[in-house]
Student: 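The structure under discussion is supplied below as structure tokens; questions concerning it will follow.
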Protein chains: 2
Amino acid sequence: MRVESFFSKTTRTALKNEPPGEWIAELPDDCIRLSSGYPAPELVPDELLKEAVIRLFEEERDLPLHYMGSPRVPKLREQIQERLACRGVYVLGEELLITSGACQAIDLIARTFIDAESVVALESPTYMEALEIFQNYTKDFMSIPVDEQGLETNLFEEALVDRKQKGLPLPKLLYVIPSFQNPTGTSLSLERRRHVLELASQYNFLIVEDDAYGELGFNEAPTSLKALDKEDRVLHVGSLSKVIAPGMRIGWVAGVSKWIKALAWFKKDLDHPFAQAVMASFLENTDYEKRLKSLRESYQSKCSALTSAIEEHFPEAVSWYVPEGGYFTWVKVPGVDTAKLLEKALIKGVSFVPGKYFFLNQADGMEYLRLSFSYANEEEIVEGIRKLGRVIKSELKNI
Amino acid sequence: MRVESFFSKTTRTALKNEPPGEWIAELPDDCIRLSSGYPAPELVPDELLKEAVIRLFEEERDLPLHYMGSPRVPKLREQIQERLACRGVYVLGEELLITSGACQAIDLIARTFIDAESVVALESPTYMEALEIFQNYTKDFMSIPVDEQGLETNLFEEALVDRKQKGLPLPKLLYVIPSFQNPTGTSLSLERRRHVLELASQYNFLIVEDDAYGELGFNEAPTSLKALDKEDRVLHVGSLSKVIAPGMRIGWVAGVSKWIKALAWFKKDLDHPFAQAVMASFLENTDYEKRLKSLRESYQSKCSALTSAIEEHFPEAVSWYVPEGGYFTWVKVPGVDTAKLLEKALIKGVSFVPGKYFFLNQADGMEYLRLSFSYANEEEIVEGIRKLGRVIKSELKNI
């Protein structure tokens, strides 16, 4: 019996994309992880979450352990509605779906809107998981370059005009991470935000706004695309992974109620009452603004440590973006294959993510790499950059 | 902008199935719930789960709160492998995928194997959620009746022979709940288990064995289909919802590694490290066999209360199956529309699930209803059956 013969056609097509393996080999224990897009361990509120669980059980007993019944599950929705209101996004209950993190939201959106013939527009580079998700549904993409102000909307417009003139299909949706993007750390300027909304209106596509890092600006939070959206074209995807903890798997998507209803219909995992009730219990005992302020200060300090170290230790040929928030910076090492560079860096005890994994066409990303300042402590960050600087210099000498 | 115009074709097709509303209106607070397929509140180990969380945090700190890193996440896999071995199912790590409950497993299977043209064979009646899930992917079904020994495999064989002769497409997979089925409470006899495996071999289809209730037999556990499967055709779906707690959302699917790998590829929710680590922490401190023994005794006692009360209070015209495990019994009220009966029952303060919701063709289920003995306590069960008996007698008088 040939096991693959049972797969559906869409499965067989999707599985052709499967990358040959994980992007990174197992890291040695003492490796300085400038690759991890994880929150800093000391900033993950494990003590407070433990207390939240204790409180939850004391008050609710078995209620959060059933399929339904905990009053904190609807409470979480209200709490998220409040957080969205702080981002200028006002949604009714039926316009909000709680998901297992942003990834599930993106996958549900792809499943609900994308046909095999649909065109998906996205930033180049973009979030690795989203690339994998969308490629499970379609092969037709428009890849739009990113610069220090985010998605290059002028190039996007040119590409749309070009497609229209040639009678080529126009995109069904644009997937964009406009605030402190993963992997580049850039943010879409206000002018470009307005521009992309105009393009969505003119060319009739949806916008999936991935706002996972939106609350992590060092200064003012950028205005959400959804807050500027007058035509209900934006599906706003958010997550508590970066501001509370990823392991709890709490995310959401907010948008037009008919779309939210369809997404909910396909979700089929009977939700996560326990995890959601725990999160609600945590949030009701948390001064959220105070927490954000503290996170921003910590991450800004770590980011400064990173950029100062880069300025000191990286050779002149290397360029990078200065982040204004989020978790990452994006570095270009001209003429160097950063995947090969990684092998050398690992030997010296520092990791990063080679840029190619963030591109649809990996060849476009060979010279780039993503550095994370979120996870390692400041001492490790400085030491890691020192090591990486030496590796880069050595590599550049060999070119 | 017409919002539905953005849906993919498969979405538009699937949404045509959407039921007009929930199968049941909100239940009054004092309603005796013979409808709830929930574990008994007193059997849900909230105290022990709370302790498990405390222990987890004390030992692991922030580890279970990250995307990866808790040693208890792989530990859970091993614990489930052990449980499967007790069911006679031996799987390697790569042949097991942990999911958010059995529902997510079923949906992943449907997504991975079912084309729009695929035929799915299933019991009639069957699990309501599975009906909804499969209908999102195909419109082509073979509905096989169920009697007191489960799926009627002779009728299944006749239908397969007939299809083959007529050149009609044969099923891609059979979805079956062979042990203490939801909704009928019946179990597939050993002879029929062998028969269905022979049919799978002869007609080359997969079997999705939903074993959610498999460990809840009052006496000996029935032999799992997967344990009898010599051709690796069975995908074994399981769940800890009924034996521990549904709110934790821990389920799995076990099968050929290439299939498991494909299912994992499409899962796209980055797993549930926290919930999984909590469950592993709970299980390592639990004498599982002792817990099962205690559950079986409790549920058997509740079931006896139910069947004794039925014998006493239901009129002779009514027939039902005597459960040997699980959560449910299946009742036939000849000539009565049980959905209308429900309205009257609710006024009297007792609920059940009208049978039609468990059938692809709802007209087939008008005279049936599902009673659950799992949730209400014995006193409530007896009182609920007394009330329902009066309502049924009154209804039969009016026919």
Side-chain angles (χ1 to χ4, degrees), chain A residues 1 3-4 6-11 14-15 18 38-39 41 44 46-47 49-50 53-54 57 61-62 64-67 70 100-101 103-104 107 111-115 118 129 133 136 172-173 204 206 231-233 245-249 256 258-259 262 265-266 268-270 272-275 277, chain B residues 1 3-4 6-11 14-15 18 38-39 41 44 46-47 49-50 53-54 57 61-62 64-67 70 100-101 103-104 107 111-115 118 129 133 136 172-173 204 206 231-233 245-249 256 258-259 262 265-266 268-270 272-275 277:
Chain A
M1 183 191 75
V3 298
E4 298 94 339
F6 286 90
F7 289 148
S8 68
K9 288 193 287 288
T10 54
T11 296
L15 289 182
E18 204 187 324
Y38 284 24
V44 169
D46 54 295
E47 265 303 310
L49 277 161
K50 182 177 86 181
V53 172
I54 293 170
F57 276 124
R61 301 299 308 273
D62 59 292
L65 296 170
H66 289 283
Y67 288 109
S70 165
S100 291
C103 266
Q104 188 187 46
D107 185 53
R111 190 247 184 272
T112 305
F113 294 94
I114 303 303
D115 290 299
S118 300
E129 272 290 332
I133 288 169
N136 277 344
K172 174 68 77 77
L173 63 85
N204 195 28
L206 307 185
E231 292 188 10
D232 274 334
R233 290 181 177 278
M248 302 296 299
R249 310 312 297 124
V256 165
K258 275 188 175 159
W259 291 347
W265 180 251
F266 293 120
K268 298 303 182 205
D269 60 5
L270 304 188
H272 285 80
F274 177 67
Chain B
M1 181 192 75
V3 298
E4 296 95 339
F6 286 90
F7 289 147
S8 69
K9 288 195 285 290
T10 55
T11 295
L15 289 182
E18 204 187 325
Y38 284 25
V44 168
D46 54 295
E47 265 303 312
L49 277 161
K50 182 177 86 179
V53 172
I54 294 170
F57 276 124
R61 301 299 308 274
D62 58 292
L65 296 170
H66 289 283
Y67 289 108
S70 166
S100 290
C103 266
Q104 190 188 44
D107 185 53
R111 190 247 185 272
T112 304
F113 293 96
I114 303 302
D115 289 299
S118 301
E129 273 290 333
I133 289 169
N136 277 344
K172 174 68 77 76
L173 63 84
N204 196 27
L206 306 186
E231 292 187 11
D232 272 334
R233 288 180 179 281
M248 303 296 298
R249 311 310 299 124
V256 165
K258 274 187 176 161
W259 291 345
W265 181 250
F266 293 120
K268 299 302 182 205
D269 59 5
L270 303 188
H272 285 81
F274 177 67

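By convention in this document, chain letters (A, B, ...) are assigned in the order of the sequence lines, proteins followed by strands, and residues within each chain are numbered from 1.
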Student: Do you know which of Asn204(A), Val256(A), Asp232(A) has the most heavy-atom pairs with chain B at a distance under 4.5 angstrom?
Tutor: Asn204(A)
Student: Select one option (side chain, backbone, both, neither) describing which atoms of Ser100(B) are under 4.5 Å from chain A's heavy atoms.
Tutor: both
Student: Looking at every non-hydrogen atom in both residues, tell me the closest pair between Asp115(B) and Ser8(A) and how far apart they are.
Tutor: OD1-CB, 3.3 Å
Student: Is the shortest side-chain heavy-atom distance between Ile54(A) and Phe57(B) below 4.5 Å?
Tutor: no
Student: Quick check for you: to the nearest 0.5 Å, what is the distance between Glu129(B) atom CD and Leu270(A) atom CG?
Tutor: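 Here the interatomic distance stands at 5.0 Å.
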Student: Can you tell me which of Val44(B), Leu206(B), Leu49(B) forms the most heavy-atom pairs within a distance under 4.5 Å of chain A?
Tutor: Leu206(B)
Student: Sort Ile114(B) into side chain, backbone, both or neither according to what part of it lies under 4.5 angstrom from a heavy atom of chain A.
Tutor: backbone
Student: Name the option with the most non-hydrogen atom pairs under 4.5 Å to chain A; the candidates are Gln104(B), Met248(B), Lys50(B).
Tutor: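 Answer, by heavy-atom pair count under 4.5 Å with chain A: Lys50(B).
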Student: Hey, which of His272(A), Lys9(A), Arg233(A), Lys172(A) has the most heavy atom pairs under 4.5 Å with chain B?
Tutor: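 When all of His272(A), Lys9(A), Arg233(A), Lys172(A) are compared, His272(A) has the most.
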Student: Could you tell me if the side chain of Leu173(A) sits less than 4.5 Å from the side chain of Phe6(B), heavy atoms only?
Tutor: no
Student: Heavy-atom distance under 4.5 Å between the side chains of Thr10(A) and Arg111(B), does that happen here?
Tutor: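 Yes - at least one pair of side-chain heavy atoms lies under 4.5 Å apart.
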Student: Looking at Ser70(A), Gly101(A), Ser118(A), Pro41(A), which has the largest count of heavy-atom pairs under 4.5 Å with chain B?
Tutor: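 Option with the greatest count: Pro41(A).
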Student: Rounded to the nearest 0.5 Å, what separation is found between the CD atom of Glu47(B) and the CG atom of Asp62(A)?
Tutor: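 That separation rounds to 11.0 Å.
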Student: List the atom of Pro273(A), the atom of Gly247(B), and the distance in Å for their closest heavy-atom pair.
Tutor: CD-O, 3.7 Å
Student: So how far is it from Leu15(A) CG to Phe266(B) CZ, rounded to the nearest 0.5 Å?
Tutor: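 The CG atom of Leu15(A) sits 4.5 Å away from the CZ atom of Phe266(B).
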Student: With a 4.5 angstrom heavy-atom cut-off, is it the side chain or the backbone of Pro64(B) that approaches chain A, or both, or neither?
Tutor: backbone
Student: Using modelled atom types only, decide if a donor and an acceptor are shared between the side chain of Arg249(B) and the backbone of Asp269(A) within a distance under 3.5 Å.
Tutor: yes
Student: Measure across Thr112(A) and Thr11(B) and return the closest heavy-atom pair with its distance rounded to 0.1 Å.
Tutor: O-OG1, 2.7 Å
Student: When only pairs under 4.5 Å are counted, which of Pro246(B), Cys103(B), Ala245(B) shares the most heavy-atom pairs with chain A?
Tutor: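 Between Pro246(B), Cys103(B), Ala245(B), the count favours Pro246(B).
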Student: Which of the residues Ala277(B), Pro39(B), Ala275(B) is involved in the greatest number of heavy-atom pairs with chain A at under 4.5 angstrom?
Tutor: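 The residue among Ala277(B), Pro39(B), Ala275(B) with the greatest pair count is Pro39(B).
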